[in-house]
Amino acid sequence: MISEKEVIRRIEGLTIRRLRTWVTRGWVEPTRAEGNIRFREVDIARIELIRQLKSDMDINNAAVPIVLSLIDQLHGVRFELRSLAQAIEDQHSDVQAAILSAHDIRKRKDTDEG
Amino acid sequence: MTDNPYDVLGVKSGATNKEIKSAYRQLAKKLHPDLHPGDADAEEKFKAISNAYGLLSDPEKRARFDKGEIDATGAEKPQQQYYRNYGNTGPEHPYYSADGFQDFSDESDLFSELFRRAQAQSSGPGRGGGPQRGSDAQYHLKVEFLDAVRGAKQRITLPNGSNIDVKIPTGIRDGQTIRLKGKGHPGFNNGPSGDAYVKVQVMPHHLFKRQGQDILLTAPITLDEAVLGGKITVPTINGKVTMTIPPGANSGQTLRLKGKGVKTGDQRVTLKIVLPKEIDDELKTFMQDWQKSHSYSVRQELEGVET
């Protein structure tokens, strides 16, 4: 677990004030243990992303949570899709073939309808 | 990256700082790896423009580059841990969101069930200042091959001395994780305990191998069984079964025992003809006689190969 100080040290150009603002806005959600704020590696990566969204991509404060939410949803969808694909992978080859062909048919149908 | 930084950003060598910054921003929005979680090349591309911008946005470095004192590599930044590197951990991810599935429930019961479970798992830590869920604990568990393919119960001892029984689901694979709800670290302010995640390492078996849901086994057979056919007994993951060897069976030939694999999988038995330890005179004489009138060729394929 990583302290506030360590986060500031690791991320170039980040101030404690800015970090606390981001936490208050709910963009970063560190854990609290016995009154101390503690960051995880995933929080560090997220803070770095927020910093780049703001400074490198000129994304304004109103848009940052929107971008973060879309990215998190995308990861959620990708994860579920991947685990579903792995679950199909674990099935007998007959079951796999049935799922794949049903998927093909549905895609074609959706395309025709759309 | 050694490409000219002006070319990388697509600006003229006389570009103003503002033009350089604007060009970089355009490219960063297009190429940032976290905006392309599945694109393996995105990281390289983004690194190239970051390095180019790092060089050209520093007036001193830019001047030195223009005078040819330093090359385009400049000084590389330490490796960045992109957010997307943490993106694939699913519901244990503190920022996991399954909101992308909410509208699926009308069309697919399967997906709505998946979604419901995912939501239940992602009551993430750190939200607000009230009761807080304890953090998750990670454990490692070695599981015997047969326990993994058949399912089993195994007891693990936690660092604090207490024991928990872990139910190993049938067919679990090496590297999969079992989640034990509420068996992680205790919560704060009356919050619930975190979950324990048990990463499973499946030990290899000296006879069985696994491929998907199929179990692979090599069964030695005698020369006479190969020629005449017969019944042999082979082990499966659920006990011994008798199988029929067809007459004229060959080494490398695979026979399938339907439904004897993991869950709905099969057991595939590869035959291996094993000669007697000692070739006795009777067999030798028989073969010599047989050879005279029955020679046959088996290496046609190898003869055509030029080396």
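All figures in this text were calculated on a predicted structure; none of them were measured in a lab. Chain letters run A, B, ... following the sequence lines, proteins first, then strands; residues in each count from 1.
Residues meeting the side chain to side chain donor-acceptor pair (under 3.5 Å) test with B/Q211, sequence neighbours left out: B/R268. B/F46 is linked by a ring-ring contact (aromatic ring centres under 6.0 Å, His included) to B/H32, counting only residues two or more places apart in sequence or in another chain.
In terms of non-hydrogen atom pairs under 4.5 Å with chain B, the most contact-rich of A/D72, A/V95, A/L74 is A/D72. Looking only at heavy-atom pairs under 4.5 Å with chain B, the residue among A/Q91, A/R38, A/Q86, A/E41 that has the most is A/E41.
Using a 4.0 Å cut-off between charged nitrogen and carboxylate oxygen, A/R40 and A/D43 count as a salt-bridge pair. Using a cutoff of 4.0 Å between basic side-chain nitrogens and carboxylate oxygens, A/D90 and B/K263 are not scored as salt-bridged.
In this structure, chain B has a heavy atom under 4.5 Å from the side chain of A/V67, while its backbone stays farther away. No part of A/S93 comes within reach of chain B, as not one of its non-hydrogen atoms sits under 4.5 angstrom from that chain.
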